[in-house]
Amino acid sequence: MGKKKITPREQDYAAWYQDVIRYGDLAEPAEVVKGCMVIKPHGYAIWEKIQAGLDKRFKETGHKNAYFPIFIPESFLKKEAEHVEGFSPELAVVTIGGGKELEERYVIRPTSETIIGHFFAKWIQSWRDLPLLINQWANVVRWELRTRMFLRTSEFLWQEGHTAHATHEEALEETLRMLEVYAEFAEGSMAMPVIRGVKTSAEKFAGAHKSYCIEAMMQNGYALQAGTSHDLGQNFGKAFDVKFQNAEKQLDYVWQTSWGVSTRLVGGLIMTHSDDNGLVLPPKLAPVHLAIVPIWRSDDQRAATLEAAERVASGARDAGLSVEVDLRDQSPGAKFFHWEQRGVPVRVEIGPRDVEAGTAVAKRRDTGDKETLPLDKIAPRAVELMDEIQRGLFAAAQQRMQDNTIVADSFDEVRAALKGATAERGGGKFVMAHIADDPEADQKIRSIKATVRCVPLEDKHGGGGKCIVTGKDVPARSIIAKAY
RNA sequence: CGGGGUGUAGCGCAGCCUGGUAGCGCGCCUGCUUUGGGAGCAGGAUGCCGGAGGUUCAAAUCCUCUCACCCCGACCA
């Protein structure tokens, strides 16, 4: 008698996505604030897991956390021509402070290259000050016209790394190192396969020399830019006069990088693994690994059941799992749905029949398989299951990406492949085609509401060829797809 | 900014055309019975009908203005 039904993916993928977030208790629209969201405790717990995993990796690669102001003098944005042009349309600007019109307006940071550039200029004098490796966890604001929870909201949470180096080689190395950190995290922890690639000029970060990305494929075949890492060249160094004296006593501008991932990753996580019953979480990012649902009739049974539940719980906690024993005054069925919709990897049921037999039932979220096991085998088995689920989710996502990637050798083939694909109905694909990085080719692809996502760093599709729009020679195929 | 839509109980909605002082489902509270896939029965609480003005004996309902949010297009981690 399911009352609260999640819209099936088949019927309307976009509605399904909203439902999964709602029933999974991850977030809700801020209603009183246009385009913003409230991240609820369960959603935030997932973000905290992401933060913890990434922060550890950032520290391991030598970065230190710092914090810069949320307000940026408007003049700073204007110092880098391409940067201001790219961000102007989506800025929120503070014009009044303390009831008085401000002398200089403040932009609420859409990203922090400029203000960090200003301080880097103060902090860096010598090659001995380099490399400077900083990361900031922060919120940023981009006034979006069209928003979707987690994927695009006017305010979002993210992390932005900012580094300065003595040479371009070093900066490029850093850019690619952090791209690899993102890719490894996405695949290893989120179980979300990604393609490492280079952005085209049109998709490049405003002000960067080159932008690299990890691109993931959602269940509807849409592409999601899951992380970016930018080689900024000396663009911001020059704009903010970030100079250092090298060992040869010469003054030079620093070479910078910046890289970021955001709460958008939560959206990617949802659209990579979840199903028609709600959220599915990879164990490495699940705030709760094991939900134990005790079932009883009489008071005697209640006591015996709870005792068994606690015993299993403490065993599982000792094995390093995060466990919830559900003691709420609700029917077992209601509890099953509750944990299922929240994506808990394994649920354990312990009822009178089990207590009698000294067993419990474990059900995995991803496949729905149930096993009945002796009480003392639950914890060790749960640990194994975490590993199996983690691998299984990644393998399934990888297979899906492979199944929905095709090769095309003409514009008509690309158009045909993406025809009818929508966020609601699905049908998206990664179409691998030769396409030149120039405005004409870019416009042509945009005319079918798709974009050139990136040129993969690893060429798995047979090298160079002629651009399907301009006929120019290009060294490798790009991914063309509809994207979030 | 163009096109469309919606504001009524915590949530989802009906009522509006044809004015007469607000209702349904879910949820919530209390009690009893229940509990291996969203429990049942009984009782109960909850509204400045988005805001302002107007018409009228009387406005959720008619008129004017306004605000907010949502959806569709152009920008985007």
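Chain naming here is simple, since letters A, B, ... match the order of the sequence lines and numbering starts at 1 in each.
- Aromatic pair A:His230/A:Phe205: ring centres closer than 6.0 Å.
- Heavy-atom neighbours of A:Phe68 CZ from other residues, nucleotides or ligands within 6.0 Å: above the threshold of 12.
- Among the protein residues, A:Pro352 comes within range of the nucleic acid bases, having at least one heavy atom under 4.0 Å from a base atom.
- Listed candidates were B:rA77, B:rC72, B:rG36. Nearest to the side chain of A:Phe156 is B:rA77.
- Where A:Leu151 and A:Gln330 each meet RNA chain B at their nearest nucleotide, the meeting point lying more 5' is that of A:Gln330.
- Proximity note for A:Gln341 (side chain, C-beta onward) versus B:rA77, B:rG37, B:rG38: the nearest is B:rG38.
- Within residues 354-363 of chain A, the residues having any heavy atom closer than 4.0 Å to RNA chain B are, in order of number, A:Asp354, A:Val361, A:Lys363.
- The nucleotide whose nearest atom lies closest to any side-chain atom of A:Trp296 is, among B:rG37, B:rA77, B:rU35, B:rU35.
- Across all strands shown, B:rC16 remains unpaired; no Watson-Crick or G-U wobble contact has both distances below 3.5 Å.
- Within the 4.0 angstrom heavy-atom criterion, base atoms lie near A:Glu349.
- Minimum atom distance to the side chain of A:Arg297 is reached by B:rU35, of the listed B:rA77, B:rA39, B:rU35.
- Among the protein residues, A:Arg347 comes within range of the nucleic acid bases, having at least one heavy atom under 4.0 Å from a base atom.
- In this structure, CG of A:Leu179 is placed 15 Å from P of B:rA77, rounded to the nearest angstrom.
- A:Pro332 comes within 4.0 angstrom of a nucleotide base, judged by non-hydrogen atoms across all strands.
- Checked by atom type and distance alone, the side chain of A:His289 pairs as donor or acceptor with a backbone atom of A:Pro283 at under 3.5 Å.
- Spacing of C1' atoms, B:rC13 relative to B:rA60, comes out at 15 Å, to the nearest Å.
- Residue-level contact check: A:Gly351 touches the bases, meaning some heavy atom is under 4.0 Å from a base atom.
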| query | What do the steps show when you test A:Ser258 against A:Glu113 for side-chain hydrogen bond (donor to acceptor under 3.5 Å, both in side chains), and what is the final call? | reply | CA-CA 8 Å; A:Ser258 68; A:Glu113 276 75 7; 2.7 Å; yes
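- A:Glu160 contributes atom CD, which lies 4.5 Å from atom CD of A:Gln136 (distance to the nearest 0.5 angstrom).
- Using N1 to N3 plus N6-O4 or O6-N4 for Watson-Crick, or N1-O2 and O6-N3 for G-U wobble, each under 3.5 Å, B:rC41 pairs with B:rG31.
- With the nearest nucleotide of RNA chain B identified for both A:Asp329 and A:Gln225, A:Asp329 has the one nearer the 5' end.
- Looking at heavy-atom distances under 4.0 Å, A:Thr153 makes contact with a base.
- Distance check on atom C1': B:rU8 versus B:rG47 gives 8 Å, rounded to whole Å.
- A:Phe205 comes within contact range of no nucleotide atom at all, as no heavy-atom separation falls under 4.0 Å.
- Between B:rG37, B:rA39, B:rC75, one nucleotide has an atom nearer to the side chain of A:Glu340 than all others, and that is B:rG37.
- If you take NZ of A:Lys449 and C1' of B:rC72, they are 10 Å apart, rounded to a whole angstrom.
- Only one option out of A:Lys370, A:Arg365, A:Arg364 pairs with A:Thr367 in a side-chain hydrogen bond (donor to acceptor under 3.5 Å, both in side chains); it is A:Arg364.
- A distance of about 33 Å separates the P atoms of B:rC17 and B:rG27, rounded to the whole Å.
- No donor-acceptor pair closer than 3.5 Å links the side chain of A:Tyr182 to the backbone N or O of A:Leu54.
- When the side-chain nitrogen and oxygen atoms of A:Ser331 are compared with OP1 and OP2 of B:rU35, none of them lie within a distance under 4.0 Å.
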Kindly list each side-chain donor-acceptor pair under 3.5 angstrom involving residues 302-313 of chain A, sequence neighbours excluded, with atom names and distances?
unit_1, atom_1, unit_2, atom_2, d
A:Thr305, OG1, A:Ile295, O, 3.4
A:Thr305, OG1, A:Gln301, O, 2.6

